[in-house]
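Reading through the structure tokens given below for one structure.
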Amino acid sequence: MKKHPQCDEAQKLILLEEAGELSLKDVSRLQNHLASCETCSEYKSTYTNIILSYKNANITEAPSEDAIKQVLSQATFLREKEKASRHSRRSLPMLAALAATLTILLAARFIFVLNPRANSNETAPLIVAESQNGNYAARESRIKYMHSLLDLVSEEDIDNTALDNGATKSLADRLLILEGFDLPDTLEI
Amino acid sequence: MDDDEKDLITRYLNGDIKALEVLVKRFSPKLFGYIINMTRNREVAEDIYQETWKKALLNLSSFKKKNFSGWIMRIARNLVIDFYRQKKPNVSLDTEDDFNTSLRNSLQAPSKAPDEQVQTTELGNKIRLAISTLPREQRDVFLMRTEADLSFSEICKAQGVSINTALARMQYAVAKLRTALKYEYKQKEGPK
């Protein structure tokens, strides 16, 4: 028997209604149709019966305990792997910071040793002058500031802000100025 | 996705394996029920079940969708399709369909305790056997709706078809089940 086009649509609406996906407008449209169509009313009752029998029969099979255990051990493994990779991702910037600090120190040391003024009595004129004048407080505060600059380097790098050449140079310059060198194009401290 | 599921996922991502255990146990009956009814082979179903979770776990940190159930069922469905694609066409039905064989055997065995529970289970088994004879696409829609409790809008997304196609597949499935189970329902309703 050929199905009426209205019945075909109504049967689709029955499926949607059971799934809770029918709009209020369509619910009333469906009810109007069902009131006058025995075929669709029977379809609705059969459909509901099939769905209910299937759900109530409790025939769902569970996976074996072993399969569940495998899933959970896989989950544990993946978490640990992720934790380890996160740890290594975190330590990379720290290593970069360390490398940057060493570069600055080496650069400073290199200039300090190779600079002709560095090997003479002019090595650290400001510091020498301060020492001679007994101005130890000024010297100490400069040294403290140098340390804070070094701390800044590592903190910046830990935050993933890698030091570029310009920033490295700027910090090296600052250290040298603090040491008492009069550099061309010096930065203001 | 309800708040509880969201919370379980967040807790797992922060390292709490117990939270995942709750999630796995909650979704396993639906998920495995769908897979075993689609593959009709317990061994294959267990492999796909584990693979589904593996894929889900690998992508869980980037999972931002609302419906966890729909998402994991889609993963399972894709793996079931892969299984059918890889399956050699000359595989014997006897080895493949151990699921149906055991089902048929259980139906042939006379039940000695015809109480309501047994009748319900028998009817359920008959429905399951009838479902196993449905064409794959129709079986897929039926199981996604009944086992996984997915809505038709979720089913059509999972199948990559229009909602009309998903509904038509369900209509065909229901028509076939209706014919296959005609006798059962007449018996249940009794003579009019």
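Chain A is the first sequence line, chain B the second, and so forth, proteins listed ahead of strands; every chain is numbered from 1. Quick note: numbers below take in every heavy atom, side chains included, and nothing from hydrogens, waters or symmetry partners.
Using a 4.5 Å cut-off between heavy atoms, Asp47(B) makes no contact with chain A at all. Contact of Phe142(B) with chain A is made through the side chain alone, with heavy-atom distances under 4.5 Å. Neither the backbone nor the side chain of Ile155(B) has a heavy atom closer than 4.5 Å to any heavy atom of chain A. If you measure heavy-atom distances from Glu80(A) to chain B, you find no contacts under 4.5 Å at all. Neither the backbone nor the side chain of Thr52(B) comes within less than 4.5 Å of any heavy atom of chain A. Looking at Leu13(B), the atoms closer than 4.5 Å to chain A (heavy atoms on both sides) sit in the backbone and in the side chain alike.
Ion pair Lys55(B)/Glu51(B) not flagged as a salt bridge, since none of the NZ, NE, NH1 or NH2 atoms sits closer than 4.0 Å to an Asp/Glu carboxylate oxygen. A salt bridge links Arg178(B) and Glu42(A); the closest N-O separation between the charged side-chain nitrogens and carboxylate oxygens is under 4.0 Å.
Note: Phe32(B) and Phe27(B) fail the aromatic proximity criterion, with ring centroids not under 6.0 Å apart.
Contact count versus chain B (heavy atoms, under 4.5 Å) is highest, among Pro63(A), Ala67(A), Ala75(A), for Pro63(A). Highest contact tally toward chain B, considering only Arg79(A), Gln70(A), Gln74(A), is held by Arg79(A) [criterion: heavy-atom pairs under 4.5 Å].
In this structure a side-chain-to-backbone donor-acceptor pair under 3.5 Å is present from Glu21(A) to Phe152(B).
A side-chain donor-acceptor contact under 3.5 Å links Ser64(A) and Glu46(B).
A tilted orientation is assigned to the rings of Phe68(B) and Trp71(B), their planes being inclined by 30° to 60°.
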